[in-house]
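Notes follow the structure.
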Amino acid sequence: MNEIERKFLVKRDGAFKKMASSQSAIAQGYMNVEGATVRIRLRDEKAYLTIKGPSRNGGLSRYEFEREIPIEDAREMLKLCKGGLVEKTRYLVPYEGHTFEVDEFKGANEGLLFAEVELKSEDEPFEKPEWLGPEVTGDRHFYNKGLLKNPYSLWKQLVPAEYRE
């Protein structure tokens, strides 16, 4: 299945939290694999194995396979992941027929806040909520796997002042 998503910075005023239908604690790690991204994710009391292919069309789409796995297996697999974990709180925010996933990061990525919206096609129109900022789709700084090697704390000055802590 192809994943089509766009990413955006989020205004720091917290307006999205008032619209959120849920929030989850997420910890995820990455296996060292060439040519694909293999992610192990703990999300509240569930666990997932995800495999993603290389990005296409400027980071707009790529192949994605995801399955729920036993949480005990995920905990063991996370021990095999190199470079630590990405930790964040994810807010699900429904808006005009789409659900925006807003990630608020912790640790070395504290202060980073961005949203993703999944689309059915690359040219699917969608309404943008007022708290959505500039688009960062395809910018490798905002790839979760990259945040382990190049955390936000090292490059936050690249983000416009009104979107950073």
Side-chain angles (χ1 to χ4, degrees), residues 1-33 35-55 59 61-120 126 129 131-133 136-137 140-153 156 163-165:
M1 174 175 140
N2 277 331
E3 171 189 57
I4 300 169
E5 66 183 14
R6 292 176 63 183
K7 293 183 182 188
F8 299 85
L9 294 175
V10 172
K11 291 181 181 173
R12 303 218 53 89
D13 62 6
F16 73 91
K17 289 182 181 180
K18 296 173 189 149
M19 299 171 68
S21 61
S22 68
Q23 72 181 59
S24 301
I26 294 176
Q28 59 195 42
Y30 296 87
M31 298 279 189
N32 188 15
V33 175
T37 299
V38 178
R39 178 183 72 206
I40 310 303
R41 173 181 279 172
L42 296 176
R43 182 172 183 166
D44 294 330
E45 296 303 314
K46 293 189 175 191
Y48 303 88
L49 168 67
T50 305
I51 302 169
K52 295 185 179 193
S55 292
S61 67
R62 64 183 175 170
Y63 170 79
E64 179 182 65
F65 168 90
E66 183 171 81
R67 293 292 183 268
E68 189 171 344
I69 60 174
I71 200 161
E72 301 80 24
D73 289 337
R75 287 189 177 116
E76 288 301 315
M77 284 187 239
L78 282 173
K79 293 175 186 175
L80 303 173
C81 295
K82 303 291 184 204
L85 300 178
V86 171
E87 297 179 279
K88 58 190 176 181
T89 301
R90 171 164 290 167
Y91 299 86
L92 297 182
V93 186
Y95 187 79
E96 300 293 330
H98 288 88
T99 299
F100 290 82
E101 296 177 342
V102 181
D103 289 343
E104 186 174 41
F105 289 81
K106 302 178 184 323
N109 295 300
E110 183 85 32
L112 179 58
L113 187 63
F114 66 77
E116 298 178 351
V117 61
E118 288 200 24
L119 305 172
K120 293 179 180 84
F126 62 95
W131 43 263
L132 209 62
V136 294
T137 301
R140 294 198 173 274
H141 286 101
F142 297 93
Y143 287 20
N144 280 260
K145 184 177 180 181
L147 292 172
L148 289 172
K149 290 182 183 174
N150 190 22
Y152 177 66
S153 58
K156 64 182 173 184
Y163 296 97
R164 69 173 182 251
E165 255 181 6

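- When side chains are defined from C-beta on, Cys81 counts as touching Ile40, because their heavy atoms get closer than 4.5 Å.
- If you take CG on Leu85 and CG on Leu147, they are separated by 13.0 Å, rounding to the nearest 0.5 Å.
- A 4.5 Å side-chain heavy-atom check between His141 and Val136 finds every atom pair outside the cut-off.
- With contacts defined as side-chain heavy-atom distances shorter than 4.5 Å, the pair Val102/Trp131 qualifies.
- Counting only distance, with no hydrogens or angles, the side chain of Arg39 and the backbone of Glu66 share no donor-acceptor pair below 3.5 Å.
- For residues 77-91, the salt bridge (charged side-chain N to carboxylate O under 4.0 Å, His left out) pairs, not counting sequence neighbours, are Glu76-Lys79, Lys88-Asp103, Arg90-Glu101, Arg90-Asp103.
- Take Thr89 and apply the side-chain hydrogen bond (donor to acceptor under 3.5 Å, both in side chains) test, not counting sequence neighbours, and it matches Lys106.
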inquiry  = With side chain to side chain contact (heavy atoms under 4.5 Å, CB included) as the criterion, how do Leu119 and His98 come out once you've worked through the C-alpha distance, each side chain's angles and the decisive distance to 0.1 Å?
reply    = CA-CA 8 Å; Leu119 305 172; His98 288 88; 3.8 Å; yes

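- Closest of all the heavy-atom pairs between Ala115 and Leu132 is CB-CD1, 3.9 Å.
- Residues passing the ring-ring contact (aromatic ring centres under 6.0 Å, His included) test with Tyr95: none are found, sequence neighbours excluded.
- With sequence neighbours excluded, no residue forms a ring-ring contact (aromatic ring centres under 6.0 Å, His included) with Tyr48.
- Under the rule for a side-chain hydrogen bond (donor to acceptor under 3.5 Å, both in side chains), the partners of Thr137 that lie at least two apart in sequence or sit in another chain are Glu135.
- Side-chain atoms of Phe126 and Arg6, non-hydrogen and from C-beta on, do get closer than 4.5 Å to each other.
- Among Asn32, Leu49, Thr50, the one residue that satisfies the side-chain contact (heavy atoms from CB on, under 4.5 Å) test with Val38 is Leu49.
- Of all heavy-atom pairs between Ile4 and Ser61, the closest is CG1-CB, 3.8 Å.
- Contact of the Val86 side chain with the Lys145 side chain is not registered, since no non-hydrogen atoms from C-beta on lie closer than 4.5 Å.
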Anything under 3.5 Å between a donor and an acceptor, one on a side chain of residues 22-30, the other on a protein residue two or more places apart or in another chain? List them.
unit_1 : atom_1 : unit_2 : atom_2 : d
Ser24  : OG     : Arg43  : NE     : 3.4
Ser24  : OG     : Asp44  : OD2    : 3.0
Gln28  : OE1    : Arg41  : NE     : 2.7
Gln28  : OE1    : Arg41  : NH2    : 2.8
Gln28  : NE2    : Tyr30  : OH     : 2.7
Gln28  : NE2    : Asn144 : OD1    : 3.4

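- For Glu118, the salt bridge (charged side-chain N to carboxylate O under 4.0 Å, His left out) criterion is met by no residue, not counting sequence neighbours.
- Every residue two or more places apart in sequence or in another chain was checked for a salt bridge (charged side-chain N to carboxylate O under 4.0 Å, His left out) with Arg75, and none qualifies.
- Judged as a ring-ring contact (aromatic ring centres under 6.0 Å, His included), and not counting sequence neighbours, the contacts of Tyr91 are Phe16.
- Partners of Lys7 by salt bridge (charged side-chain N to carboxylate O under 4.0 Å, His left out), not counting sequence neighbours, listed by chain and number: Glu116.
- Of all the heavy atoms in Phe142 and Leu112, the pair that sits closest is CE2-CD1, 3.7 Å.
- Contacts of Tyr63 classified as side-chain hydrogen bond (donor to acceptor under 3.5 Å, both in side chains), with partners at least two apart in sequence or in another chain: none.
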task = Would you please test Thr37 and Arg62 for side chain to side chain contact (heavy atoms under 4.5 Å, CB included) and show each step?
result = CA-CA 11 Å; Thr37 299; Arg62 64 183 175 170; 4.1 Å; yes

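- Annotation: side chain of Phe114 is not in contact with side chain of Tyr152 (no heavy-atom distance under 4.5 Å).
- Considering only heavy atoms from C-beta on, Phe8 stays 4.5 Å or farther from Tyr163 through its side chain.
- When the salt bridge (charged side-chain N to carboxylate O under 4.0 Å, His left out) test is applied to Lys17, the partners found at least two apart in sequence or on another chain are Glu104.
- Smallest separation of non-hydrogen atoms from Ala74 and Leu42: CB-CD2, 3.8 Å.
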